[in-house]
Engineer: 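Next up is a structure, given as structure tokens.
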Protein chains: 2
Amino acid sequence: MTQKQEQLSKNQQIVLSIIEKAKGPLKAYSILYNVQKRGIKAPLQVYRALDKLIEIGKIHKIESKNAFIACNNSECEISKATAFSICNNCEHVKEIKNTKLSKYLSNFQDNSGMKYKKYNLEFFGLCKNCKLKQ
Amino acid sequence: MTQKQEQLSKNQQIVLSIIEKAKGPLKAYSILYNVQKRGIKAPLQVYRALDKLIEIGKIHKIESKNAFIACNNSECEISKATAFSICNNCEHVKEIKNTKLSKYLSNFQDNSGMKYKKYNLEFFGLCKNCKLKQ
DNA sequence: CCTTAATTTGTTATAATATAACGTTTGTTA
DNA sequence: TAACAAACGTTATATTATAACAAATTAAGG
């Protein structure tokens, strides 16, 4: 009966729910501000929850923004293969689901002989909305 | 006679030379420490040089490490298309030169209709050396 | 049920990374 | 040489992230 695995602790649940409700990536200290009513007082409590949530693939870190976004992709095998599109104007971020892309990158090998176990890809440009407004 | 363009300022030259001599990516404050003999005293002086060097494509930022590495790729059009391989064990970082990959990614389009002007890709795994030692 | 190990928590302090704001100096161009 | 842009120097401060330690909570096995 050992199911476990998906059982999150209290702080982890709180942090995850904030991130899932958000429309875009959240910064750690903005999360902190948002959860202070619920008893989380210190940065470390947030960072610890974030670390765990990343580890189990519930969220991803957008490295170029130091911000965190909920995983949108049931097929992303525990954060081993992530790709995002980022609008340079409105800062909208979206996780890219694209089987061809992920297969291409997961199988990619260069001449170094190194086999990659994980990748993170960030695309930048103007989203549809922002392109129209230009 | 207006050549310009490639003329770097004093601080920019100092910072670039440190990064080019390094065997791997350098952190901003480690650069600062290294250049204090040469008259650069404050973080901002380093960050300003770094910003400029990134802008003109002489160096890249390794986002997952907050570190900076010299550009190794004459074909990378002013940092619009970057890919790196990063060893999880020894932290060795190398810029990937691969025409197929860069073409594939530069031409990539997903169903959002967004056309991407820039990307940054980071691969993680074990380099040859570290794989042998395991 | 009890205990032991692992995980999570709470808390304080501090490290590491990065930018704001200001006035000055240098370089480029007309 | 005037005028504008770029780079500089400096102080202060914002932002992001981790160290260290003790207490509380939560599996899981005997």
Side-chain angles (χ1 to χ4, degrees), chain A residues 1-19 22 24-69 91 93 120 122, chain B residues 1-19 22 24-69 78 91 93 122:
Chain A
M1 272 304 127
T2 346
Q3 51 150 173
K4 266 286 125 212
Q5 213 82 334
E6 293 300 329
Q7 196 70 295
L8 297 177
S9 78
K10 194 185 58 154
N11 287 359
Q12 289 158 10
Q13 283 174 338
I14 293 173
V15 169
L16 179 57
S17 79
I18 295 284
I19 296 176
L26 293 180
K27 303 232 162 196
Y29 278 73
S30 136
I31 293 168
L32 176 59
Y33 178 80
N34 273 283
V35 297
Q36 282 179 328
K37 300 165 198 166
R38 299 217 237 163
I40 294 182
K41 287 171 190 162
L44 196 43
Q45 296 174 288
V46 172
Y47 280 104
R48 285 198 282 225
L50 290 172
D51 285 348
K52 185 69 181 184
L53 293 168
I54 289 171
E55 187 193 323
I56 63 177
K58 291 285 188 189
I59 65 171
H60 305 298
K61 181 171 186 183
I62 308 298
E63 294 285 357
S64 63
K65 294 191 170 298
N66 297 318
F68 304 86
I69 193 171
E91 310 240 308
V93 175
N120 179 53
E122 298 182 2
Chain B
M1 271 304 129
T2 346
Q3 53 150 171
K4 268 288 127 216
Q5 213 80 336
E6 294 298 331
Q7 196 70 294
L8 297 177
S9 77
K10 192 185 61 153
N11 287 358
Q12 289 158 11
Q13 283 174 338
I14 293 172
V15 169
L16 178 58
S17 78
I18 294 287
I19 296 175
L26 292 181
K27 303 232 162 196
Y29 278 72
S30 135
I31 293 168
L32 176 58
Y33 178 80
N34 272 283
V35 297
Q36 282 180 329
K37 300 166 198 165
R38 299 217 238 162
I40 294 181
K41 287 173 189 162
L44 196 43
Q45 295 174 287
V46 171
Y47 279 105
R48 285 198 281 226
L50 290 172
D51 285 348
K52 186 66 181 187
L53 293 168
I54 288 171
E55 188 192 322
I56 63 176
K58 291 284 189 189
I59 66 171
H60 306 301
K61 181 173 186 182
I62 308 296
E63 293 286 356
S64 63
K65 295 191 170 297
N66 297 319
F68 303 87
I69 194 173
I78 311 204
E91 310 241 308
V93 174
E122 298 181 1

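Side chains included, hydrogens not; waters and symmetry mates left out as well; all remaining heavy atoms used. Computed from a predicted structure; not experimentally measured.
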Engineer: What's the CD1-C1' distance between A/Ile56 and C/dT8, to the nearest Å?
Structural biologist: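 In whole Å, C/dT8 C1' lies 13 Å from A/Ile56 CD1.
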Engineer: Just the atom pairs and distances: protein N or O near nucleotides 6-9 of chain D's N or O, under 3.5 Å.
Structural biologist:
residue, atom, partner, partner atom, Å
D/dA7, O3', B/Ser9, OG, 3.1
D/dC8, OP1, B/Ser9, OG, 2.7
D/dC8, OP1, B/Asn11, N, 3.0
D/dG9, OP2, B/Asn11, ND2, 2.9
D/dG9, OP2, B/Gln45, NE2, 2.4
D/dG9, O5', B/Gln45, NE2, 3.3
D/dG9, N7, B/Arg48, NH2, 2.4
D/dG9, O6, B/Arg48, NH1, 3.0
D/dG9, O6, B/Arg48, NH2, 3.4

Engineer: What integer distance in Å separates A/Glu63:CD from C/dT17:C1'?
Structural biologist: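 Going from CD in A/Glu63 over to C1' in C/dT17 covers 14 Å.
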Engineer: To the nearest 0.5 Å, tell me how far A/Lys52 NZ sits from A/Asn11 CG.
Structural biologist: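 Going from NZ on A/Lys52 over to CG on A/Asn11, the span is 13.5 Å.
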Engineer: On DNA chain C, nearest-nucleotide positions of A/Ala42 versus B/Lys61: which is more 5'?
Structural biologist: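 By nearest-heavy-atom nucleotide position, the 5'-most residue is A/Ala42.
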Engineer: To the nearest angstrom, how far is A/Lys27 atom NZ from D/dA14 atom P?
Structural biologist: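 In whole Å, D/dA14 P lies 16 Å from A/Lys27 NZ.
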Engineer: What donor-acceptor contacts under 3.5 angstrom involve side-chain atoms of residues 38-47 of chain A, with partners at least two apart or in another chain?
Structural biologist:
residue, atom, partner, partner atom, Å
A/Arg38, NH2, A/Ser17, OG, 3.1
A/Gln45, OE1, A/Lys41, N, 2.8
A/Gln45, OE1, A/Ala42, N, 2.8

Engineer: Can you check the B/Ile62 CD1 to C/dT17 C1' distance for me, whole Å?
Structural biologist: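 Value for this atom pair: 16 Å.
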Engineer: CG of A/Leu50 versus P of D/dA17: gap in Å, rounded?
Structural biologist: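 Roughly 9 Å, once rounded to whole Å.
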Engineer: In whole angstroms, how far is the C1' atom of D/dT13 from the OH atom of B/Tyr47?
Structural biologist: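 Rounded to whole Å, this separation is 14 Å.
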Engineer: For side chain to side chain contact (heavy atoms under 4.5 Å, CB included), just list the numbers for A/Ile59 and A/Val15, CA-CA rounded to whole Å, side-chain angles, deciding distance to a tenth of an Å, and then say yes or no.
Structural biologist: CA-CA 10 Å; A/Ile59 65 171; A/Val15 169; 5.8 Å; no
Engineer: Can you list, pair by pair, the side-chain donor-acceptor contacts under 3.5 Å of residues 24-36 of chain A, counting residues two or more places apart and other chains?
Structural biologist:
residue, atom, partner, partner atom, Å
A/Lys27, NZ, A/Lys65, O, 3.0
A/Asn34, ND2, A/Ser30, O, 2.7

Engineer: Who is the Watson-Crick or G-U wobble partner of C/dA30, with both distances under 3.5 Å?
Structural biologist: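 C/dA30 is paired with D/dT1.
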Engineer: Can you tell me if A/Glu122 uses its side chain to pair, donor with acceptor, with the backbone of A/Ile62 under 3.5 Å?
Structural biologist: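 Not at all, since once roles are kept as given, no pair shorter than 3.5 Å links the two residues.
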Engineer: Just checking B/Lys65: base, sugar-phosphate only, or nothing, at a heavy-atom cut-off of under 4.0 Å?
Structural biologist: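 Nothing, no nucleic acid heavy atom in range.
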Engineer: How close do A/Phe68 and A/Ile19 get, heavy atom to heavy atom, and via which atoms?
Structural biologist: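 Looking at all heavy atoms of both residues, the closest pair is O-CG2, 3.9 Å.
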Engineer: Would you mind reading off the distance between A/Tyr33 atom OH and D/dT16 atom P, rounded to a whole angstrom?
Structural biologist: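 Value for this atom pair: 16 Å.
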Engineer: Quick one: CG on B/Leu53 to CD on B/Gln13, what's the gap to the nearest 0.5 Å?
Structural biologist: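 Between B/Leu53 CG and B/Gln13 CD, I get 10.0 Å after rounding to 0.5 Å.
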Engineer: Confirm from the modelled atom types if B/Tyr29 and C/dA18 form a donor-acceptor pair under 3.5 Å, side chain to base only.
Structural biologist: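 Indeed there is one.
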Engineer: Is there a side-chain polar atom (N or O) of B/Asn66 under 4.0 Å from OP1 or OP2 of C/dA18?
Structural biologist: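 So the side-chain polar atoms of B/Asn66 do come within 4.0 Å of the phosphate oxygens OP1 or OP2 of C/dA18, strictly under.
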